Protein chains: 2
Amino acid sequence: MNIGEIARRAGVSRSTVSYVLSGKRQVSAEIRDRVTAVIEESGYRPSATARALAQGETRTLGLVIPPMRHHLSVDQLHFVGAVAEAAADHDYDILLSPSGQDRDRAFERMLGERRVDGVIVMETLLHDSRVSTLIERGFPFVTIGRTGSGQEHGWVDLDYAGLVSEGVGKLHALGHRDIALVNRPQELLDREYGPAFRAADAFDKAVVELELHGVARCCDDDDDAAAACVEAIFAAAPAVTAILTINERSLAGLVTALAERGSRVPEDVSVLAIASARNAMSLRPKVSAAEVPAERMGRHAVEALLRRLAEPEGELAHVLLSPPFVDRESLAPRPG
Amino acid sequence: MNIGEIARRAGVSRSTVSYVLSGKRQVSAEIRDRVTAVIEESGYRPSATARALAQGETRTLGLVIPPMRHHLSVDQLHFVGAVAEAAADHDYDILLSPSGQDRDRAFERMLGERRVDGVIVMETLLHDSRVSTLIERGFPFVTIGRTGSGQEHGWVDLDYAGLVSEGVGKLHALGHRDIALVNRPQELLDREYGPAFRAADAFDKAVVELELHGVARCCDDDDDAAAACVEAIFAAAPAVTAILTINERSLAGLVTALAERGSRVPEDVSVLAIASARNAMSLRPKVSAAEVPAERMGRHAVEALLRRLAEPEGELAHVLLSPPFVDRESLAPRPG
DNA sequence: TTGTACGCGTTATCAT
DNA sequence: ATGATAACGCGTACAA
C-alpha cells in the first residue's frame, strides 16, 4: 500500500493525498473526508524511508553507547532507556551505536550513511575523537559529559567537581580530617574520562583548601577491586575515617570490604557516594548518596539536540546538573 | 556528495559507480580504480535512506523495550546492549521502541512506517498483543520469551520451568522439605508474564512430585517488598529452610531481610536465585544462582531474526537456554 | 558499460 | 482556491 494506491482509490492525485496528510495546503472537506476514509480502511501509513529521502531528515537520533565489554553501569543503562522514552515523546526514534575504541563501524555508518539527524554521545572523554569527528563533519550532536578542550558543542553533564567538593565539605563538617576518594578505574583516568578526572582534581583542591589529609585511589569497576582498594587506602592512610566514592559499580564491594576488615559503618568509617538511589539503598547500612539523575539527563540531552536540529544557529545547551546528597545511614561524626 | 557526483568526477555513469560499490557486476580494473579513488578522496558513502528505498530493506532491526517506568532490571538492560552489539557485528543497526501498554506509538511507527526489517520483542507475555499484531501483519520478528498460546513464531527463552524444577531439586537433595518461591510481582503473574507464570507452575509441580511443603509468593521488584515477602513467607510457613527466588530486583532486600529477622544464610536458611552473577556475587554471603545469560540471549535473538530475514520460509528458531546453577555461599543442608 | 525505469513521498508549478 | 502534473531526493538493477 502506497500513496499512489490511496490516490487511485480515492479518485484523486498523489499530491492531494499528501496534502491531506500533511495539512500543508487547504483541501476541500469533501475530498479530505474521502481520502481520510480510504486511508483509514486501508491502514495506510507513509513509508518512513521514502519520506526521509524526500525531506532529507530521518526523524531518528543516534545514541552512541560504550561497548558492553566496558560493563555498563546501571546508570548508563538507565540513561539509554530514558533517552529512548524522551525521544519517543517527541515522535523520534533512537538508533543505537555501540562504539568506542576499536568498535567504530556503527558510528561511521550512522554519520556517513546519514541514518540519523543528530547524535547523542555517552561517556565523553576530555579529548574525544568522536566529538572531533562530529565537529569536523558539522554533524549536530550533544554529549553527555563535557569535553575538556573547550570545543564548542552542546552538553549535559553531572557536576562531579561540585559534588566532590560538596561531599568532602559534608564529611569535613562532620569532623572528618582523613578522607579517602574512591575513583573510577585508572584506565579511565588515563584516558581522561571527565568524571574521573574532574573528581580527582576537585578532591585534591578540597583537601588543600580544608587542610585535610586525603588519599585518592582508582578502583576497577567491580566488587573485588573494591576490597583491594580498601586495603590500599588503609595501608596508605590508617587514620581514614571517611570514604567518598564515585564508583557506583564497586559500592557494594566497598561496604562488604569494610565490614570484613572490621570497620563498622558509620561508627568507624563514614561512607558517602555518588550513585543511583536503587544501588545505595539496597546496601546495609543504606548509603548516603547523590543520585545520578539518568532520567533527567536523558530528557535534557534529547531536548537539547532537538532544539539544535530546529535551530542550528541557536545557542548551545550547557546543562550542569548537581543532584542533592541524600542522607541515609552511612554518615556519622568522626569517631573518638 | 551523492553517487551522481562521484560518477561525474570519475567520468562514468551512476550505475557503474553502483556496481563498483556492490561488486554485483564485473567492472574493468582501470575504471574500478578510478572510481574507487574518487570515492576515497571525497569520503563518499551511499545514503542509507536512498539505498533502503531502492532495495526495500533498511538493514535496521527494531527492539521493543518495556517502558522505563517498569524499572528495567540489570539483565534487561544488559540485553539491550548485547542486542546492539550483536547487530553491529552483522552491520545492522538497532532502533529502540519503548512500548507496552499505553505507550505504543513508537511500536506502531516502526511497523507502519516500515522503519525496520524485523523486530525483537522483549518481555513477552503469554498472551501478547504485540505478537498478535506482528503475526497479523506478517512482520518478521522473534521474541524473548515464548508466548503461551502456541502462536507460531521464533523465540529465545530462558527455561524458567526447568530452572525452577532443578533449583527445587537441588534444595531437596540438601534435605530441605519446606521451600519457598519468591516470584515476580503479582501484577506480572496476572498479566501472564511467561517467567512468572511458568516458574509458579513448575514450583507447584515440583512440590507435589517431591512431596514437599511449598510456599509461593509474589514480590514486587524492590528491596522493601522483599522484606514484606519474607515476613509473609514465614508467617505462612514458619518451618521454611530454603528460598528459591527468580526476582533479581529484590534479591539484595531478601538477603538483608533474612539477616534482620535473625535468620542466618546459609545456616538457617538456604538461598538460591536466578539472577545475574554481578548481582548475586555482590551480596554477602555470595548467593548461589543460575545466571541469566543476557549476552547469549541477545546474540541468539539477533541471529535468529537475521536468519528469518534471509530465509523467510526457513524453520523458526526455538532457543531454550538453561544456564547452570553456580554454587556460592548461600546453600547448606537442612539444619537440625 | 550505459541509459533508464523504479521505489515512494514531497512540493513547486501549472491549470482550472 | 484546488486539483493535477512533474521534478526531485538517491541508489539499484534490468534492458539495451
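Keep in mind that this is a model prediction, so the values were computed, not measured. Within every chain, numbering begins at 1; the chains are lettered A, B, ... in the order of the sequence lines, protein sequences first and strands thereafter.
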Round to the nearest Å and state the distance from [X] atom [atom1] to [N] atom [atom2].
X       : N      : atom1 : atom2 : answer
A:Leu21 : C:dT10 : CG    : P     : 7 Å
B:Arg8  : D:dC10 : CZ    : C1'   : 16 Å
B:Ile6  : D:dG9  : CD1   : P     : 16 Å
B:Glu57 : D:dA13 : CD    : C1'   : 14 Å
A:Arg59 : C:dG9  : CZ    : C1'   : 15 Å
B:Gln26 : C:dT2  : CD    : C1'   : 17 Å
A:Arg45 : C:dG9  : CZ    : P     : 12 Å

List for me each residue that meets side chain to side chain donor-acceptor pair (under 3.5 Å) alongside [X], sequence neighbours excluded, and say none if there are none.
X        : result
A:Thr60  : B:Arg115
A:Thr147 : none
A:Glu57  : none
A:Asp128 : A:Arg130

Can you tell me if the side-chain N/O atoms of [X] get under 4.0 Å from OP1 or OP2 in [N]?
X       : N      : value
A:Lys24 : C:dT11 : yes
A:Thr16 : D:dA4  : yes
A:Ser28 : D:dG3  : yes

For nucleotides 6-8 of chain C, tabulate all protein N/O to nucleotide N/O atom pairs closer than 3.5 Å, reporting atom names and distance.
residue	atom	partner	partner atom	Å
C:dC8	OP2	A:Asn2	ND2	3.4

Five pairs at each end of the helix from C:dT1-D:dA16 to C:dT16-D:dA1: take the axis at both ends and give me the angle between them to 10°.
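Here the local axes at opposite ends form an angle of 60°.
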State which residues pass salt bridge (charged side-chain N to carboxylate O under 4.0 Å, His left out) with A:Arg8; sequence neighbours excluded, sorted by chain then number.
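A:Arg8: salt bridge (charged side-chain N to carboxylate O under 4.0 Å, His left out) contacts with A:Glu5.
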A:Phe141: ring-ring contact (aromatic ring centres under 6.0 Å, His included) partners, not counting sequence neighbours:
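For A:Phe141 the ring-ring contact (aromatic ring centres under 6.0 Å, His included) partners, ignoring immediate neighbours, are A:His153.
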With sequence neighbours excluded, tell me which residues meet ring-ring contact (aromatic ring centres under 6.0 Å, His included) with B:His127.
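Not a single residue meets the ring-ring contact (aromatic ring centres under 6.0 Å, His included) criterion with B:His127.
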Salt bridge check, B:Asp91 against B:Arg59: does any charged N sit closer than 4.0 Å to a carboxylate O?
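Salt bridge between B:Arg59 and B:Asp91, a charged N being under 4.0 Å from a carboxylate O: no.
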Taking B:Arg45 first and then B:Glu40, would you say they form a salt bridge - that is, a charged N and a carboxylate O separated by under 4.0 Å?
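A salt bridge is absent here (no side-chain N lies under 4.0 Å from a carboxylate O).
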Tell me every residue that passes side-chain contact (heavy atoms from CB on, under 4.5 Å) with A:Leu126, counting only those two or more places apart in sequence or in another chain.
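With neighbours one apart ignored, the set is A:Glu192, A:Phe197, A:Arg198.
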Looking across every strand, which nucleic acid part, if any, lies under 4.0 Å from B:Val12 by heavy atom: base, sugar-phosphate, or nothing?
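Sugar-phosphate contact only.
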What nucleic acid atoms does A:Val27 come within less than 4.0 Å of, heavy atoms only: base, sugar-phosphate, or nothing?
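Sugar-phosphate only.
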Provide the full list of side chain to side chain donor-acceptor pair (under 3.5 Å) pairs with a residue in residues 296-319 of chain A, sequence neighbours left out, each pair given once.
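Qualifying pairs: A:Asp89-A:Arg299, A:His90-A:Glu303, A:Trp155-A:His318, A:Glu295-A:Arg299.
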Please enumerate all protein N or O atoms sitting under 3.5 Å from an N or O of nucleotides 14-16 of chain D, with distances to 0.1 Å.
residue	atom	partner	partner atom	Å
D:dC14	N4	B:Tyr19	OH	2.8
D:dA15	N6	B:Arg25	NH2	3.0

Side chains of A:Thr16 and A:Ser13: any donor to acceptor distance under 3.5 Å?
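Note: A:Ser13 and A:Thr16 side chains meet the donor-acceptor criterion.
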